[in-house]
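For reference, the structure discussed in these notes is given below.
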Amino acid sequence: MFFNLQQMANPNYLSELNESQRAATLQVEGPVMIIAGAGSGKTRVLTYRIAHMIHLGLDAFNILALTFTNKAAREMKTRIANIVGEQESKNIWMGTFHSVFARILRSEAQLLGYPSNFTIYDTDDSKSLVKKIVKEFNLDDKVYKPNLILHRISSAKNNLISAANYAENTVIQQEDYQSKKPELGRIYLAYEKRCFQAGAMDFDDLLFKTNVLFRDFTEVLYRYQSKFQYILVDEYQDTNFSQYLILKKLAARFENICVVGDDAQSIYGFRGANIQNILNFKTEYPDVKVFKLEQNYRSTKNIVEAANSIINKNKDRIQKEVWTDNTQGDKLKIVKTLSDNEEGFEVANDIFNVKHSLQKNNQDFAVLYRTNSQSRAIEEALRKKDIAYRVYGGLSFYQRKEIKDLLAYFRLCVNPIDEEALKRVINLPKRGIGNTTLDKITLAASENQTSLWEVIQNPLKFGLKFPSALLGKLRSFHELIDTYHRLSPQIDAFQLASKIASASGVLKELYSDKTVEGTARYENVQELLNGIKEFVENDTVDSIIDLPEDLTIKTLDIFMRDIALLTDTDKNKNDTNVVSLMTIHAAKGLEFPYVYVVGMEENLFPSQMSINSRSDLEEERRLFYVAITRAEERVMLSYATSRYRWGTLTYCEPSRFLEELDPIYVQQNTGTHDAAKSFQSNFEGFSGGLNSNPNPFKSNLKKVDKTVLANSSDSDFSANAAIEVGQTVLHQRFGKGKVTEIDGNSGNKKATIQFDGIGKKQLLLKFAKLQVL
DNA sequence: AGTATCGTCGTTTTT
DNA sequence: CGACGATACT
């Protein structure tokens, strides 16, 4: 379009940036570090910077942009497409570290001895494999706990210590010996070998093997160095050593590397993220240009400054001063409750009140917590108030049993040597191939250094004397998988998936289960199949999965490539107007007008595991910083004095973080079951309650916040009681309207009003400021 | 081989 | 509390 060309010739987007944002955008060449405070327009800079590069005439094929989540990648891609057009933007390599390097590994897999359609083991697969190995080694699984072993292997991989290195390293041997786990090296070796034999990589392998690839095949490294002449990395503070080294190698030739991050928001240390990467970037590239984005466009002054008062308690940080031009806003409210259920009640109540008095949507609210298990009490309370919500994270769609079962079939058809997939489905639905049989097969496979699949193909060859009935069963299972395995390159993903679903008997079994859960499971499977259908039919422009350029038929193989890297958050859901419930980790990068942070208690937040080391505690504090800075308008922090944990009642102390907040930005409240109490009507709290509840913190209630008082002015309450259907009324925001309906009982009367030029609104008479005309 | 029941253990946070 | 594994029984 002509208009587009005009826009491209004269990019006006630069005028939408402030000075430091623009400077960072224009600095295209050389190493660049952008330290971006919370809400400072980081994504905007990244997007415009890439758009600008393309305007300058750089080839999109030479740009690599790495993000932290698939969602972030997708959003950025759309935004860039809006500026430079899709023709250009689609050629940019953009995605998470894991997805981008999985893609590269697939095309170079043969060099490492892997099939290009290798499976990606998720955490459950890895855990199950570790358990199996511990068992085979006859070790005590009380000592060799799968989670612990996995964590140990994971950190080894993230620090580029291979199984062989690990096993022969005397320092590590000492360490493991002292922690009474001398066999860890052997387990790691076995784990590594089994993954390889199953044609599988775990999450950490995707990065580890990329490093191996670049280390051992310099011509490959050279090729990708030449391709990715410009590299951009988002959320750099959350990268680990393995990722750091990949970047270092890739960027070595041109050194056009731009990292964006905020050391104050580094919250993935537990996963191996190394905050030193960002702290040391300057030393790494001495001629780096550093830009600081310090103006916050998201939150009120109270929120920004309260957050600053927290993060200033940390020692390890890059000096910067986040500030805002926004209004002062309301103080952060702290609410004390007696139990987790009451906490939920208070939160739901407050949401209800704000929603109706300020005419807000559900999607304006978020409830954030430290651990997923905390969502339950909140959910219950929201349900009682009839407030629509959605829990993010937790059990994702792809982690449900029925979905994993079917996916395991798909995995097996794509890659029959996938051991975890095979184990999962060989007796599902029941085929009379039980554990004893499987154990024998596993033993034979490991004795002969081959896959379970090989053994099943011809048990006799491996000396297994099974009764003929069993042989028949194995034979037909083998044939089932083999048929579809051979069919898989020829037909599209949906056709194949449907065939497998019915031929395997999975669909039938679920269909015959008429319980409520059974129907739900059946529907989930249908949803998965629909998703595959969509994948086949769509143009996949906005697909998360990058398709090979020379694609003629969308096979199941292609669909399965990145499925293990998808999380629930990446799935588009259509219920948009809902309150969001999620962990603080999951909330990173998001923003909401009203934010509730629940469970502000010692041993919960900060977590029990973190209070013994300064660096862990600092990470928790950064997490708290992230939580507060999600909010645009208001923050409510709550804690309970008792809560159920592991089914038993425990007593809790308020979190130290509450005390660390500078009291000028905070106001205390104790929870009561008073429906009128909310962000608006804080002032009720002043007259009541306080004396009876000794306050654990310095309170600063003398100053009365003007905004709060203004909002809670309720001079019109009595007038509203008289409102009737048919009357014409005036609302301060929506203007003139006609009352079409009234329902609810005296205290909670709700009026449906048709406003001129705005449409129908439902208002609670208790809160709406209406004037009868 | 499959199922029912009881005991165990654990909890951060996630690509 | 709830998931999972080991045990014992059909």
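Throughout, a chain's letter reflects where its sequence line sits, starting with A, and its residues are numbered from 1.
When rounded to the nearest whole Å, the span between CG of A:N147 and C1' of C:dA3 equals 13 Å. Nucleotide B:dT13 holds its C1' atom 16 Å from the CG atom of A:N603, rounded to whole Å. Rounded to whole Å, atom C1' of B:dT15 lies 9 Å from atom CG of A:D204. At whole-Å resolution of the value, CZ in A:R561 and P in B:dT15 are 22 Å apart. Distance A:F203 CZ to B:dT15 C1': 6 Å, rounded to the nearest Å. Between A:K142 atom NZ and C:dC4 atom P the separation is 16 Å, expressed in whole Å. Rounded to whole Å, atom P of C:dC1 lies 13 Å from atom CD of A:E380.
Side-chain nitrogen and oxygen atoms of A:N372 include at least one within less than 4.0 Å of the OP1 or OP2 phosphate oxygen of B:dT14. Remark: A:N70 is not in phosphate contact with B:dT15, judged by side-chain N or O atoms under 4.0 Å from OP1 or OP2. Remark: A:R376 is in phosphate contact with C:dG2, judged by side-chain N or O atoms under 4.0 Å from OP1 or OP2. Between A:T583 and B:dT14 there is a side-chain polar atom (N or O) within less than 4.0 angstrom of OP1 or OP2. For C:dG5, the OP1/OP2 oxygens have a side-chain nitrogen or oxygen of A:K131 closer than 4.0 Å. Contact annotation: A:N427 reaches the phosphate of B:dG2 (side-chain N/O to OP1 or OP2, under 4.0 Å).
Among the nucleotides B:dT15, B:dT14, B:dG2, the one closest to the side chain of A:K430 is B:dG2.
Contact annotation for A:F605: no contact, since no heavy-atom pair falls under 4.0 Å across all strands. At a threshold of 4.0 angstrom between heavy atoms, the contacts of A:T437 are confined to the sugar-phosphate backbone, with no base atom among them. Residue A:K135 is classed as a sugar-phosphate contact, given heavy-atom separations below 4.0 Å to backbone atoms only. Contact annotation for A:K127: no contact, since no heavy-atom pair falls under 4.0 Å across all strands. In this structure, A:T371 reaches the sugar-phosphate backbone alone: every heavy-atom distance under 4.0 Å involves primed, P, OP1 or OP2 atoms, never a base. Base contact: A:G647 has a heavy atom under 4.0 Å from a base atom.
Of the P atoms belonging to B:dT13 and C:dC4, the separation is 15 Å, rounded to the nearest Å.
For the 3.5 Å distance criterion, the side chains of A:E402 and A:N524 qualify, holding a donor opposite an acceptor. For A:S126 and A:T123, the side-chain atoms include no donor-acceptor pair closer than 3.5 Å. A:S128 and A:E420 share a side-chain donor-acceptor pair at under 3.5 Å. A:E183 and A:Y144 are not linked by any side-chain donor-acceptor pair at a separation below 3.5 angstrom, with hydrogens and angles left out of the test. A:Y268 and A:T239 form no side-chain donor-acceptor contact under 3.5 Å, judged by distance and modelled atom types alone. A:N415 and A:T119 are linked by a side-chain donor-acceptor pair at a separation below 3.5 angstrom, with hydrogens and angles left out of the test.
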